[in-house]
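Everything on this sheet refers to the single structure shown next.
To find a chain, count down the sequence lines: A is the first, B the second, and so on, and within it residues start at 1. Not measured: the values here are computed from a predicted model.
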Number of protein chains: 2
Amino acid sequence: MKRRSPTIRQVQYFVSVVETLNFRSAAATLDVSQPTLSHQIAALEESFGLQLFERSRAGTIMTAAARELLPGARRLLEELQGLCDQAESLALGPAATYRLGVTPTLGPYLLPHVLPAVHKRYAALKLYVREDAPRNLESALVSGDHDLILTPLPVDQPDLTVVPLFNEPVRLVMSSDHRLAEKSRIVRKDLAGERVLTIEEHHHFHQQTQELCARLGAHLLRDYEGTSLDTLRQMVVMGMGVAFLPALYIRSEIHRPQELRIARVHGEDIQRTHALVWRKTSPARSLFREIANEIRSVAAATLSPEIKLVQTSRRKMIGSA
Amino acid sequence: MKRRSPTIRQVQYFVSVVETLNFRSAAATLDVSQPTLSHQIAALEESFGLQLFERSRAGTIMTAAARELLPGARRLLEELQGLCDQAESLALGPAATYRLGVTPTLGPYLLPHVLPAVHKRYAALKLYVREDAPRNLESALVSGDHDLILTPLPVDQPDLTVVPLFNEPVRLVMSSDHRLAEKSRIVRKDLAGERVLTIEEHHHFHQQTQELCARLGAHLLRDYEGTSLDTLRQMVVMGMGVAFLPALYIRSEIHRPQELRIARVHGEDIQRTHALVWRKTSPARSLFREIANEIRSVAAATLSPEIKLVQTSRRKMIGSA
DNA sequence: TGTATTTGATAGATAAAATCTATCAGTTTT
DNA sequence: AAAACTGATAGATTTTATCTATCAAATACA
């Protein structure tokens with residue numbers, strides 16, 4: 001006895017016959033021929049091992065088994081309809097939940113400015129934001145754990161579309177009683193031998209600070225590293241050293257300028273570049289490109305003068321520092 | 001763009017690929033070839049108008065749309081599984097609800113004795129009992145509103161299987177101050193001209209009483225007819241006349257013999273025959289025959305001496321009075 | 001750095017299934 | 001008694017699902 005699973009079609013036919021109790025008119029409603037309907041109902045009965053209808057030339061009546069099965073059959077069809085409806089609305093526009101990974105040293109200070117605009121423009125879209133270190137972000141993006149990441153350059157993974165968004169300056173921050181605090185103009189040589197605090201090693205920003213120090217001849221303090229930019233700031237306030245902090249962080253979190261002095265190093269181009277990155281094969285790539293543009297325009301409108309947009313490029317870019 | 005509804009099979013394939021994220025191993029699990037699986041997934045994507053997977057030689061990952069659709073797909077498959085399970089258990093044994101129609105002049109007095117045994121033997125079976133007048137019962141059985149009826153003979157509908165169960169004597173009932181109450185032996189001529197109360201016309205028992213009166217030369221009182229056997233009894237108690245009442249009713253409901261005199265008419269065979277009836281085409285016919293036997297044996301065991309079994313007959317019988 | 005293995009897609013043939021038309025044999029209606 | 005209507009059946013045809021064989025790209029391993 002071969003027990004093949006019933007077909008959706010067969011279940012639809014079943015419900016139709018129940019509704020009319022007449023094979024011919026049910027067939028007409030379904031737009032199939034009456035023999036087809038009879039055949040499929042017979043096949044369904046075969047696969048259930050049950051008789052569903054008592055047929056007579058005088059009319060068709062449901063069996064007790066059919067009465068028992070009917071509600072489940074209807075639920076099945078409703079589930080299917082729901083699935084199709086959902087698929088249709090998904091096909092119509094972005095209504096899914098996309099997983100966005102962000103660097104902890106940027107996300108909290110940029111996204112609050114950007115997400116409202118994105119949500120306004122794509123009402124049905126949801127972004128599930130998770131923070132992670134940049135190198136984890138990249139591999140998680142490749143493996144499919146994220147759909148989209150917001151990360152500092154460089155990104156050197158093939159198969160990824162990297163759209164640079166903007167340059168974020170990095171400022172020098174010192175306590176107000178620091179020896180350079182009163183200096184109106186700080187240049188490279190002022191920093192020679194200066195003790196520079198940094199964030200934990202696994203952050204991308206750590207490496208950038210390290211390179212910066214090497215370039216400026218400053219001394220990277222590795223005894224005590226901050227677990228976050230906030231910690232770093234506290235350490236600076238307590239006079240443990242100076243630190244480089246991203247401009248968007250400073251804009252968001254430093255509200256008492258009297259306790260800290262924020263300076264730029266003249267003659268030096270100190271900044272990091274952030275990019276939005278996704279898999280080249282992602283079916284939502286065009287949506288992601290639009291989101292990139294949205295972020296760029298919101299950033300340009302609300303975050304200047306801190307940030308400067310990166311030239312838009314039509315080419316797919318492999319990120320460079 | 002032709003948007004055919006997805007197939008159950010396609011949804012199963014979809015869930016399988018989600019579970020392994022590998023087309024080949026999913027195909028092996030499903031016991032189909034990998035090209036078949038690829039093809040069906042592609043067909044599903046086509047019918048949804050959505051991409052469900054990002055394929056690369058390095059691995060397969062779900063799209064956001066697939067993540068959204070997955071729960072619904074799983075629900076759909078669960079509904080199907082539930083339907084199949086239910087069908088299987090229905091095919092295994094009688095687990096459905098059958099609709100049993102009964103005469104009001106028998107049902108309440110017989111079924112309490114019979115149903116417990118039936119339920120014990122067919123634990124999963126449910127009987128939905130409804131009372132109705134015999135001729136309604138018959139047509140409702142034919143039209144499918146009932147699956148089974150318990151009715152007095154005769155039944156003269158073709159296409160029905162009629163299994164006579166037992167003969168139920170009909171007794172003469174009079175008030176204790178009636179002129180015949182003290183008579184130890186009542187015969188036919190005692191009833192000549194006697195005023196006989198009856199139940200409402202649409203009951204089968206009315207007609208039987210009528211025929212009985214004609215045969216015995218009694219006078220059928222039609223001014224005031226009882227709406228139920230209970231009413232009839234009350235009328236007898238109040239001395240409005242005598243009545244014929246079925247033995248099973250008397251057994252069940254008359255507990256104060258001092259206010260009523262119950263007698264038989266000697267030399268007369270006054271009884272009605274009850275039968276269990278179903279459509280010849282009913283798929284549960286073998287079950288119904290078993291139920292008939294069950295009723296017969298329970299009746300024989302617990303309801304004698306009131307009732308006498310009718311000879312079992314292997315032939316399908318068209319009922320006769 | 002090659003080599004073998006693994007990935008999903010593709011082409012074409014084949015098998016299976018659903019569907020159609022035409023017809024039949026009973027029922028009910030007129 | 002005739003006409004209309006019922007679902008079942010037979011056989012042809014179209015559609016669909018599936019298979020085998022193969023490919024091209026990527027990875028894993030030596």
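For residues 23-33 of chain A, no pair satisfies salt bridge (Lys or Arg N to Asp or Glu O under 4.0 Å), with sequence neighbours left out.
Nearest-nucleotide assignment on DNA chain C puts the 5′-proximal partner with B:H39, out of B:H39 and A:H39. Along DNA chain C, the nucleotide nearest to A:P35 and the one nearest to B:S25 differ in position, and the one closer to the 5' end is contacted by B:S25.
Proximity of B:S33 to the phosphate of D:dC19: a side-chain N or O atom is located under 4.0 Å from OP1 or OP2. The side chain of B:T36 contributes no N or O atom lying less than 4.0 Å from OP1 or OP2 of D:dA17.
If you measure from atom CD of A:E46 to atom C1' of C:dA17, you get 15 Å, rounded to the nearest angstrom. Atom CG of B:L30 is separated from atom C1' of D:dC19 by 15 Å (rounded to the nearest Å). If you measure from atom CD of A:Q10 to atom P of C:dA17, you get 11 Å, rounded to the nearest angstrom. Rounded to an integer number of Å, the gap from CG of B:L37 to C1' of D:dC19 is 14 Å. Between A:E45 atom CD and D:dA8 atom P there is a gap of 8 Å when expressed in whole angstrom units. For the pair A:I8 CD1 and D:dT16 P, the interatomic distance rounds to 16 Å; values are reported in whole Å. A:Q34 has its CD atom 7 Å from the C1' atom of D:dA8, to the nearest Å. Rounded to a whole Å, the CZ atom of A:R9 is 20 Å from the P atom of C:dA16.
Neither side chain, A:Q51 nor A:E45, offers a donor N or O lying under 3.5 Å from an acceptor on the other. Side-chain contact check for B:R272 and B:T105: at least one donor-acceptor pair (N or O, by modelled atom type) lies under 3.5 Å. Residues A:E290 and A:Y122 bring a donor and an acceptor atom of their side chains to less than 3.5 Å of each other.
Only B:Y13, listed by number, bring a heavy atom of residues 12-22 of chain B to less than 4.0 angstrom from any atom of DNA chain D.
Looking at heavy atoms from C-beta onward, B:R67 lies in side-chain contact with A:D147 at the 4.5 angstrom threshold. Contact annotation: the side chain of B:T161 never approaches that of B:R285 to less than 4.5 Å [non-hydrogen atoms, C-beta and beyond]. B:I295 places none of its side-chain heavy atoms less than 4.5 Å from the side chain of B:N293.
Among the nucleotides C:dG8, D:dT18, C:dC20, the one closest to the side chain of A:V32 is C:dC20. Considering only the side chain of B:T7, D:dA17 comes nearest among C:dT21, C:dA9, D:dA17. Distance from the side chain of B:S38 is smallest for C:dA9 among the nucleotides C:dA9, D:dA8, C:dT21.
As judged by a 4.0 angstrom heavy-atom cut-off over every strand, A:R24 is placed among the base-contacting residues.
One finds a salt bridge joining B:E19 and B:R74 here, because a Lys/Arg side-chain nitrogen approaches an Asp/Glu carboxylate oxygen to under 4.0 Å.
Judged by atom type and distance alone, A:Q40 does not reach the base of C:dA18 through any side-chain donor-acceptor pair under 3.5 Å.
Note that the OG1 atom of B:T7 and the CD atom of B:Q40 stand 6.5 Å from one another [nearest 0.5 Å].
Comparing the axis of the opening five pairs of the helix from C:dT1-D:dA30 to C:dT30-D:dA1 with that of the closing five pairs yields an angle of 30°, rounded to 10°.
Remark: the backbone N or O of A:V32 is not paired with any side-chain donor or acceptor of A:T36 at under 3.5 angstrom.
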